[in-house]
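Take a look at the structure set out below.
Note: hydrogens, waters and symmetry copies are ignored here, and every other heavy atom, side chains too, is used. Convention: sequence-line order gives letters A, B, ...; per-chain numbering from 1. It should be emphasised that the depicted structure is a prediction, and the values quoted were computed from it without experimental measurement.
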Protein chains: 2
Amino acid sequence: MADGRDREDGPVSGEEERRFLAGYDPRAFTPAAVTVDVAALTIRSGVPHVLLVRREAHPQRGRWALPGGFVRAEDGPDGPADPDLPDAALRVLSEKTRLPADPHLEQLGTYGRRGRDPRMRVISVAYLLLAPDLPDPRAGRDTAEAAWIPWSDLGHGEGARPRVEPAFDHAGIVADAVERARSKLEYTALATAFLPPAFTITRLREVYEAVWGRPLHAANFHRKILATPGFVEDTGELAPSGGSGGRRPRLYRAGGAALLHPPLLRSAP
Amino acid sequence: MADGRDREDGPVSGEEERRFLAGYDPRAFTPAAVTVDVAALTIRSGVPHVLLVRREAHPQRGRWALPGGFVRAEDGPDGPADPDLPDAALRVLSEKTRLPADPHLEQLGTYGRRGRDPRMRVISVAYLLLAPDLPDPRAGRDTAEAAWIPWSDLGHGEGARPRVEPAFDHAGIVADAVERARSKLEYTALATAFLPPAFTITRLREVYEAVWGRPLHAANFHRKILATPGFVEDTGELAPSGGSGGRRPRLYRAGGAALLHPPLLRSAP
DNA sequence: CCAAAAGTGTTTCTAATACACCCATGT
DNA sequence: ACATGGGTGTATTAGAAACACTTTTGG
């Protein structure tokens, strides 16, 4: 076996490497199409929704699907290449929705089962996007319709029966997105991504209740949030009156912390 | 906006769909190469290691890299298509290492930055593999050498200076793998993937100590593991004598639980 | 007997929970 | 005044951490 000395980096010979690259043919490998799909989640009046579009083009014409599209691998007639996969995700989605300035975007997973798309081998990199309440989307190219669909219509949540069966394997991708969002609320400060820049503790609690589908103890939640360093920062302001009476709550903004110590665990009911 | 009724699934007209697919040309899209890379982690005598291979082919000839290779999108001269991405990962890796019967394999992330490979646009799906102590790998096709490299040689861990700088963006992939493993030990029962089928609580603790790079309180760890339902099951047997004296510890096997309730949190020192 | 390693008992402290209560505001 | 929602005090309980101690084995 190699000893320590042998583990030093080997040479990367410049001249030979240049000659190799000059003679390289990128068409030599079997192509697979690479797409990005975006599972955009938001909360509208206390109910979690996912953004879906109705396909106007084949295959699976007429079905609801995640907004997605092909990654631009190289500069071409359609436009410049996507510098990285998150750029592709935001490009594809902004063709269909007006996005907030700084949405939370994270990679969810990559789906490449043979036969998941009838046209050819398609590898889809799925992204999870969390956003505060966005305006209704407008349908884009190849799209008959675009809408925010409640999770419950896809069978997620307490006793919800599925009413929509998305195209391809997108039902599974949405399920993964929902589960990712639920578990990330436990140990990250991600819930604030569902809220506008300034919010009250009660709004934050409603995010948790909507995503987890379970009521939380308001008083203890309040204390726990304030006791978690870096989760929220006091703006010093109060929310405008709600109209129906009650004390005006303080306004907070997202703090610097990404991870929560300690986490907020959801346990059994 | 669509009302509830409109959200029902649209028709997927069979005849029209068939005609569309018959006329479809898979070469119409800009190709990108899709590869799988495997970050295989193990622990050898208390020290965490990652499997790397030294590249014999261009580009980046002579550098250490993660074992990886192109996904077989369709059946071809090299062999049948990979049914799914995890199959591709195991195929690529088993060409270089003798694998345990049931290794833990999970997707880590997908890397597609433009320019990360000088040949062409390459989208790499990275997998994390956790395994008990494996035999030394043998070098395979296009591989000058294959070896288990300590994480510390890549700069991970207490005050470790990097001695190996992997090819492409593989240093970042290994960093993601290490961080994923560290955090998954907290809230899943994954540590047992580093151990043989039967193990002692002390061996399990040594896994945590190696991955987290920090000593744990033996007595409290012992109790906490046994108090976590489904983490381990008593085999009823005792480990053979260690030779240097001391009580013979009980042997346990992995329990059914995937998630730990409550989690084992690593906090500050 | 002594050393070494496994495993248990016990105390102390911190954090989660539940519930009562006070505060600020609209009607 | 009183209803409504925000926010705090406090007792109870569960769990984490620290440390002393017992048990089982080899030399």
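In this model, a donor atom of one side chain and an acceptor atom of the other lie less than 3.5 Å apart for B:Tyr111 and B:Asp176.
A donor-acceptor contact shorter than 3.5 Å links the side chain of A:His170 to the backbone of A:Leu66. Here the side chain of A:Arg163 pairs no donor or acceptor atom with the backbone of A:Ser152 at under 3.5 angstrom. Looking only at distances, no side-chain donor or acceptor of A:Trp148 sits under 3.5 Å from a matching main-chain atom of A:Asp136. Counting only distance, with no hydrogens or angles, the side chain of B:Arg205 and the backbone of B:Phe221 share no donor-acceptor pair below 3.5 Å. Using a distance-only test at 3.5 Å, with no hydrogens or angles considered, a donor-acceptor pair links the side chain of A:Tyr208 to the main chain of A:Leu185.
The distance between atom CG of B:Leu226 and atom P of D:dG15, rounded to the nearest whole Å, is 15 Å. Computed from coordinates, the B:Arg266 CZ to D:dA16 P distance equals 17 Å when rounded to whole Å. Between the P atom of C:dA15 and the CG atom of A:Leu260 lies a distance of 15 Å, rounded to the nearest Å. Atom CG in B:Leu238 sits roughly 12 Å away from atom C1' in C:dG7 (whole-Å rounding). Between B:Ile225 atom CD1 and D:dG15 atom C1' there is a gap of 15 Å when expressed in whole angstrom units. In this structure, B:His261 places its NE2 atom 17 Å from C1' of D:dA14, rounding to the nearest Å. Counting to the nearest Å, the P atom of C:dT14 and the CG atom of B:Leu265 are 18 Å from each other.
Mapping A:Gly246 and A:Ile201 onto DNA chain D via the closest heavy atom, the residue that lands nearer the 5' end is A:Gly246. If you find the closest nucleotide of DNA chain C to A:Arg248 and to B:Gly245, the one lying nearer the 5' end belongs to B:Gly245.
Under 4.0 angstrom from either OP1 or OP2 of D:dG5 there lies no side-chain N or O belonging to A:Thr202.
Comparing D:dG6, C:dA16, C:dA6 by their nearest atom to the side chain of A:Lys224 picks out C:dA16. The listed nucleotides are D:dT23, C:dG26, D:dG6; the one nearest the side chain of A:Ser241 is C:dG26. Candidate nucleotides C:dA6, D:dA17, D:dG6 were compared by shortest atom distance to the side chain of A:Arg205, and D:dG6 ranks first. In the set C:dA16, C:dA24, D:dT23, D:dT23 carries the atom at the smallest distance from any side-chain atom of B:Arg247.
Remark: A:Ala219, A:His222, A:Arg223 in residues 215-223 of chain A come within less than 4.0 Å of DNA chain D through at least one heavy atom.
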Side chains of residues 234-244 of chain B: which donor-acceptor partners sit under 3.5 Å, not counting sequence neighbours?
unit_1   : atom_1 : unit_2   : atom_2 : d
B:Asp234 : OD1    : B:Gly236 : N      : 2.7
B:Asp234 : OD2    : B:Arg250 : NE     : 3.0
B:Thr235 : OG1    : B:Glu237 : N      : 3.2
B:Thr235 : OG1    : B:Leu251 : O      : 2.7
B:Ser241 : OG     : B:Gly243 : N      : 3.2

